[in-house]
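Here the structure is laid out as structure tokens; the discussion comes afterwards.
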Amino acid sequence: MDSLNGWIQKVTGAGNKNSSSGSEGSSQNSSAKKPVRNNQRKTDGAKNPPRNKQQSPRDGEKTPNRRNSNPRNANPRNAQNKTNQPGKPRGRKPAGQRGRNNTQNVINPNAPAFQKRLPERKNATVPSRPQPRLSASNIPANRKQRPRPMLGKISREVSSRQFPQHEKFPKGDPMRVIPLGGLNEVGKNSMCIEYKGELLLIDIGLQFPEENMPGIDYVIPDLTYVLERKEKLKAVLITHGHLDHIGAIHLYIEKLGFPVIYATRLTKALIEKRLEEHDLLEKVQIIEVDPKKPESRFDLGEFTIEYFAVNHSIPDSAGIYIKTPAGSMIHTGDFKFDLTPTDGMPCDYAKLIKFSQENVDLIFADSTNALKEGYCPSERNIEKNIGNVIREAAGKRLIIATFASSVGRHKAIIQHAVANGRKIFLAGRSMNDNIRICHDLNIINVPASAIRKLNNSVNDYRPEEVLILTTGSQGEPFAALSRISRDEHPHIVLTEEDVIAFSSSPIPGNERGLYTVIDSIYRKGATVVTKGDIDIHASGHAFRGDLKLMHSLVNPGYIIPIHGEYFMRIGHRDLAIEDLGYDPRHVPMLENGSILELLGGVARKSKQRIETELVFVDGKDHADMTEEQLKERLAMSEGGLLTVLLELDKETKKFKKEPRTFAEGFLENKNVHGVILDQVKASYGRLLDKKGDKIVEKDIVTELTSHLRDELLMEVDREPVIQVLVTLS
Ligand SMILES: [Zn+2]
Ligand SMILES: [Zn+2]
């Protein structure tokens, strides 16, 4: 095994590994040097081509009909359009055509290949790396001709026809708003605001992984654009303390040069907790903002910023108003309207009206529940129902499962529990941390002795004296509730004397795991209470009624749906157009990386966009997982791994020993090994005949991987990752 360097190539049966096939995961090649990566940029997390998602034609923005695009009709501020004819937007298209006719592709004009009208992608690959042979059919469509984009760079949208100028865009310095995450997904929210080169960043959140991301802890937004301009970053403004808004701060704050963070009281405490865990707290300045105080309005350079209180499932949630000489905007954060909130802080209606009087050009609003009719139920109703559940469980031990982040709910549960003579035992670290913080801030106001961490002392109390508050309401396999249901918890054994209440709704995709947990609980004879029995969960996100109220109070020039999957944002867009009478051109659909420019009351989607991609965080907060590696991991999980080991004579290049094959995760049938070995020998023999001792490693790897891929597909109907290792001695 003396000369493995550079002799290792892995390919999946599914496609070309053209950029950065690592050699990790193989026991045979631990001494192998890692191949040089194709680094066209040196950024801090992200190294791979953009996600298909952002390149595919998902953008539903309408291309307005030029003939109808009279600029006077287009502006909802125009009296004719909005005031005199409510509900009758001009230039509307038939519903069937809406959101279907836009293709947003990404091309990097800086790439040499682009200037030659997309020829072969020579400059996009590492020349020294062997390339497996590919048939046209197994190259993913997006890879065929596209040059590798420069992440964080501004690039040109493919077709300027998508951006008809229906209102004359004034000359001058526009304010630019660039969502960097939170569109196309629920999570990893982040948005950049730019004016005359100065930047603000709103939220730096994380997203929990989807099913097709095995081994990934979370996904974070790609802030390359901001990192490259970090000396111009004035501050990071945080809306509230949920992880999809604060969860990636600790991964970026140092790289951003420790900008000042602004946050409300609880949000600040939750950020501090995370920074402390990563030894960063000392270096970061977090300024507390109280939306009720006049200081909640402040200036940073050319930006005027004002925080305002909103209702949500966590106390101290806020929206943010931002004004520059070019125009103004509101970012709602996550919000709903709750006239009877349990945390005592109603949404600040007066401020919304004040902003409206000052004129709001753009509103960026939460779309999570934009398909739900009516108004989001008040947390007060839920609180009453929780009280009933706790009373009705008299004489029994009670376990309530909820989200660790639903701090408002915890408060209600804990206060009712104390009132009913129960002690609260907290299971799950995040639950424990959040509740401790809220207790310290007096948001949860009960004697400290009433709350404790779940430990064996719980068994010293009679069942009716105990309430266990736990995570695991989504059936997460390692959460305390799942372990309890499987009899694997060190302190809790379920009996018929237990009542388990779920104060949450299953997030789509989590149902299977949750049902498994509920089934196991029933098998122990315990009682289960879910939302179907009594309503003990309310969403924290605006329903359609709340959205209409927000937009009516603020009366913005443009409505931009953010936060949510594409279909949710389309629902929000339709609401603006059909229910509120907005001209479709005033409800632009953006993507992560889109640039919206605003000046003099006119907004337009720029012909440019910022290249972004997914940044995966794997293991212990290392953001160095590339999309290629993730695809490889998926391919391995589906097809297994085939390793072929060739030991050759360094002079004659003939086999020094019999070739060997190792299969992981497939190939129970021993005969197949024989077939593969025969193919290896035959294939290598042909190559040797052709090239003689001039044969180079690249040829061997390319030939064998390609040949074996076809063979395996025929023999075992599998497409494993194929790894060819060659040694010369
Ligand atoms: Zn939230
Ligand atoms: Zn959120």
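Atoms within a ligand are numbered from 1 in the order they appear, just like the ligands themselves.
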inquiry  = Checking E185 against N592: is there a side-chain donor and acceptor pair closer than 3.5 Å?
reply    = yes
Donor on one side chain, acceptor on other, D334 and H245, under 3.5 Å = yes
query = Got a salt bridge between R380 and E383, using NZ or NE/NH1/NH2 to carboxylate O under 4.0 Å?
reply = yes
remark   = Given a cut-off of 2.8 Å, the protein N, O or S atoms lying below it from the Zn ion (ligand 2) are D244 OD2, H245 NE2, D334 OD2
Cationic N near anionic O, under 4.0 Å, R569 to E565 = no
task = For the residue pair R544 and N369, confirm or rule out a side-chain donor-acceptor distance under 3.5 Å.
result = no
query = Looking only at atom types and distance, does a side-chain atom of H563 sit under 3.5 Å from a main-chain N or O of N189, one as donor and one as acceptor?
reply = no
